[in-house]
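One structure is given here, and the rest of the page talks about it.
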Number of protein chains: 2
Amino acid sequence: MSTIKDVAKLAKVSVGTVSRYINGYKIKDENRIKIEEAINQLDFKLNPIARGLRTNKTFTIGVLIPRISDIFCTQVIEGIEEVLNPLNYSIIVCSANDNFEQQAEKMKYLQNKCVDGIIVMPVTSTELYGKEVVESGIPVVLIDRLVKDCELDAVISDNVNGAYSAVEMIIKKGHRKIGIIAGPQDIYTAKERLTGYLRALNDYHIEVNENYIEYSQYTKNGGIDAFNRLMSLEDRPTAIFTTNYPITVNSMKVMMEKGLRMGEDISLCGYDQTELFQMFNPPVSVVVQPTREIGIHAAEILLKRINGDYSRFPYIQRLKTHLISTDSVKTLF
Amino acid sequence: MSTIKDVAKLAKVSVGTVSRYINGYKIKDENRIKIEEAINQLDFKLNPIARGLRTNKTFTIGVLIPRISDIFCTQVIEGIEEVLNPLNYSIIVCSANDNFEQQAEKMKYLQNKCVDGIIVMPVTSTELYGKEVVESGIPVVLIDRLVKDCELDAVISDNVNGAYSAVEMIIKKGHRKIGIIAGPQDIYTAKERLTGYLRALNDYHIEVNENYIEYSQYTKNGGIDAFNRLMSLEDRPTAIFTTNYPITVNSMKVMMEKGLRMGEDISLCGYDQTELFQMFNPPVSVVVQPTREIGIHAAEILLKRINGDYSRFPYIQRLKTHLISTDSVKTLF
DNA sequence: TTGTAGGCGTTATCAT
DNA sequence: ATGATAACGCCTACAA
């Protein structure tokens with residue numbers, strides 16, 4: 001690997017001139033040409049490690065998500081890449097494995113790795129595990145979930161209205177006994193979706209039946225027990241709103257096992273999209289989040305902060321969801 | 001941020017001693033204690049950038065995959081993480097966006113980023129785009145696909161036997177008219193799966209009908225036309241083997257649209273697993289790859305190479321698949 | 001506009 | 001076992 005020293009020698013200029021050329025400062029045309037020739041000839045590549053040592057910038061950003069194999073997370077990452085890659089930033093991906101201790105650890109880890117900024121999807125909304133990192137001054141942008149008592153930029157989707165639109169659709173199809181499997185109320189998203197549910201019932205003057213509100217973890221196996229409890233009620237709901245992907249999938253699984261026909265014996269509306277959902281018979285109604293856009297906006301805000309622009313901080317951006325309405329929710333009248 | 005200089009000053013030793021302590025060399029107990037105290041007091045963290053400049057090791061490895069939101073890829077990454085994270089390596093994830101030019105670009109990009117090694121899932125098997133990078137001496141491990149004329153370590157799944165087991169199962173259920181939607185034959189995986197198909201037919205003395213062999217791209221929308229062509233044959237196959245995830249999904253989509261019942265009007269066996277596949281009625285037969293294991297083994301080989309151990313190079317590791325056999329393939333006799 | 005030289009935080013090579 | 005010091009490759013005053 002050749003260095004700017006080699007380039008300087010070959011071009012018969014000083015390293016300073018070479019460095020200035022690289023960094024876009026004005027130099028004599030004559031020198032520019034000589035330098036360019038030397039760079040080509042030596043196949044010179046700037047060493048980002050050395051530069052990072054001087055400039056305290058590594059051109060890498062950390063992305064910390066609850067789980068790597070979660071399609072929601074990776075679609076967000078695609079959005080992030082779309083923005084960051086053209087600017088030559090690389091992204092270090094870390095998984096918290098759905099675990100808040102690991103989240104705190106990985107936050108510190110990324111800080112120690114000298115990333116220029118961090119985009120994090122918190123595993124819980126009660127507290128930002130890894131807060132010390134934020135306090136150290138490194139830019140951090142939240143995605144998908146807000147965290148209590150935490151003044152940070154964030155890009156989330158509008159969960160209240162997302163849930164509202166789903167429940168509204170269910171109501172308009174004639175359902176009155178509508179169950180929900182909500183997530184843990186210490187998770188921001190989960191809380192908001194429950195709020196949307198309650199708000200819709202309220203707006204349409206439907207009395208809330210506490211028995212129809214079930215809770216479940218937002219982890220991989222969530223929803224199974226909750227769904228079973230709803231099904232074993234004496235006056236069971238005619239429709240169920242499942243508030244995230246695993247809960248939706250697992251509820252469907254239980255339905256299959258029990259021989260319940262979706263949209264016939266029981267209506268279902270889920271959250272988060274998979275292409276496969278639309279291939280069931282009937283296709284599954286879902287609230288779709290703008291995953292890619294979340295990534296794009298998060299990356300853009302982060303860049304702004306990295307470049308020292310702290311205007312409108314903390315900036316909380318709420319993106320609209322959209323609803324896919326299908327026969328998985330039966331039309332009663 | 002404090003440096004080892006600060007630590008040295010506070011502990012009243014030289015920077016050399018501190019550095020030696022950090023790197024696990026023997027130092028006087030008395031000094032060790034003083035240094036540890038100083039480190040705690042200053043909350044000293046080693047700067048990996050500076051270290052990297054000296055040692056030419058960054059403790060980051062690059063992972064280059066065709067597409068980030070592909071579940072197969074992310075499961076592999078989880079395996080990689082499992083091995084690398086405990087060792088303090090971080091992984092930079094890059095997507096080639098199913099495009100060989102981008103693959104070449106990203107290979108160079110990773111090299112310029114000074115990663116210690118690269119794990120790459122090639123977008124095609126005809127050539128390793130980014131070969132110059134390999135020639136520069138940086139360790140590279142292939143996953144999922146081998147590349148022609150390319151002597152590199154690789155971890156792949158046994159596609160021949162994977163396909164063989166699927167077709168064998170179909171045959172044993174009484175089918176004789178078995179179609180296949182194969183992938184582009186310049187992709188190693190695709191070629192092997194076709195080989196497995198042919199070998200199974202041969203072993204069971206079933207004549208190959210060229211009309212039953214269709215090809216399709218391995219991209220997101222692959223399989224639709226191919227499936228339609230098979231369906232429009234006068235003497236159409238009774239069962240179809242779809243050789244990757246998108247083709248499987250899209251074939252199912254076409255079936256739905258045409259009102260063909262899977263496992264009844266037409267039998268289907270696919271490739272690659274999604275939890276949703278098992279929730280259809282009937283569930284979908286598939287060949288399942290050991291994704292996580294591929295990641296684990298790839299990371300382990302890469303580590304070996306990074307540490308200078310080039311024994312048994314190039315080492316090609318072939319992992320077994322397993323078959324989920326369901327009623328999506330009808331039992332004829 | 002250019003060259004020179006010091007420094008970024010480590011590690012490694014000397015002597016001691 | 002330790003201390004002093006020269007690298008590592010780059011950027012950036014500073015002086016010219």
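Note on naming: letters A, B, ... go to the chains in the order of the sequence lines (proteins, then strands), and numbering restarts at 1 for each one. This structure is a prediction, so every number in the text was calculated from the model and none was measured. Basis for what follows: all heavy atoms, side chains included, without hydrogens, waters or symmetry-related copies.
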**Asked** For nucleotides 8-16 of chain D, read 5' to 3', which letter fits each nucleotide if B means a protein heavy atom sits under 4.0 Å from the base, S means only the sugar-phosphate is that close, and - means neither?
**Response** BBBBBB---

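The salt bridge (Lys or Arg N to Asp or Glu O under 4.0 Å) analysis of residues 137-150 of chain B, with sequence neighbours excluded, yields no pairs. Within the structure, salt bridge (Lys or Arg N to Asp or Glu O under 4.0 Å) pairs that include any residue of residues 44-56 of chain A comprise D43(A)-K45(A) (at least two apart or interchain). Pairs passing the ring pair (Phe, Tyr, Trp, His ring centres under 6.0 Å) check and including a residue from residues 132-154 of chain A, sequence neighbours excluded, do not occur. The stretch residues 23-52 of chain A participates, sequence neighbours left out, in no ring pair (Phe, Tyr, Trp, His ring centres under 6.0 Å) pair at all. Under the salt bridge (Lys or Arg N to Asp or Glu O under 4.0 Å) criterion, no residue pair touches residues 4-20 of chain A, with sequence neighbours excluded.
Judged as a ring pair (Phe, Tyr, Trp, His ring centres under 6.0 Å), and not counting sequence neighbours, Y315(B) has no contacts. For T55(B), there are no side-chain hydrogen bond (donor to acceptor under 3.5 Å, both in side chains) partners two or more places apart in sequence or in a different chain. Remark: F100(A) pairs with Y129(A) by the ring pair (Phe, Tyr, Trp, His ring centres under 6.0 Å) rule, at least two apart or across chains.
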Name each donor-acceptor pair under 3.5 Å that joins a side chain in residues 86-96 of chain B to protein atoms two or more places apart or in another chain, with its distance.
residue : atom : partner : partner atom : Å
Y89(B)  : OH   : K57(B)  : NZ           : 2.6
S90(B)  : OG   : Y109(A) : OH           : 3.3
S90(B)  : OG   : K113(A) : NZ           : 3.1
S95(B)  : OG   : P66(B)  : O            : 3.4
S95(B)  : OG   : N97(B)  : N            : 3.0
S95(B)  : OG   : N97(B)  : OD1          : 3.1

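Regarding I35(B), its CD1 atom lies at a distance of 10 Å from the C1' atom of dT2(D), rounded to whole Å.
The cationic group of R32(B) does not satisfy the cation-pi geometry with Y21(B), failing either the under 6.0 Å distance to the six-membered ring centre or the 45° limit from the ring axis.
On the nucleic acid side, DNA chain C contacts chain A at distances under 4.0 Å to non-hydrogen atoms, with the end points of that region at dT1(C) to dG9(C).
Overall bending of the helix from dT1(C)-dA16(D) to dT16(C)-dA1(D), expressed as the angle between end axes built from five pairs apiece, is 40° (10° steps).
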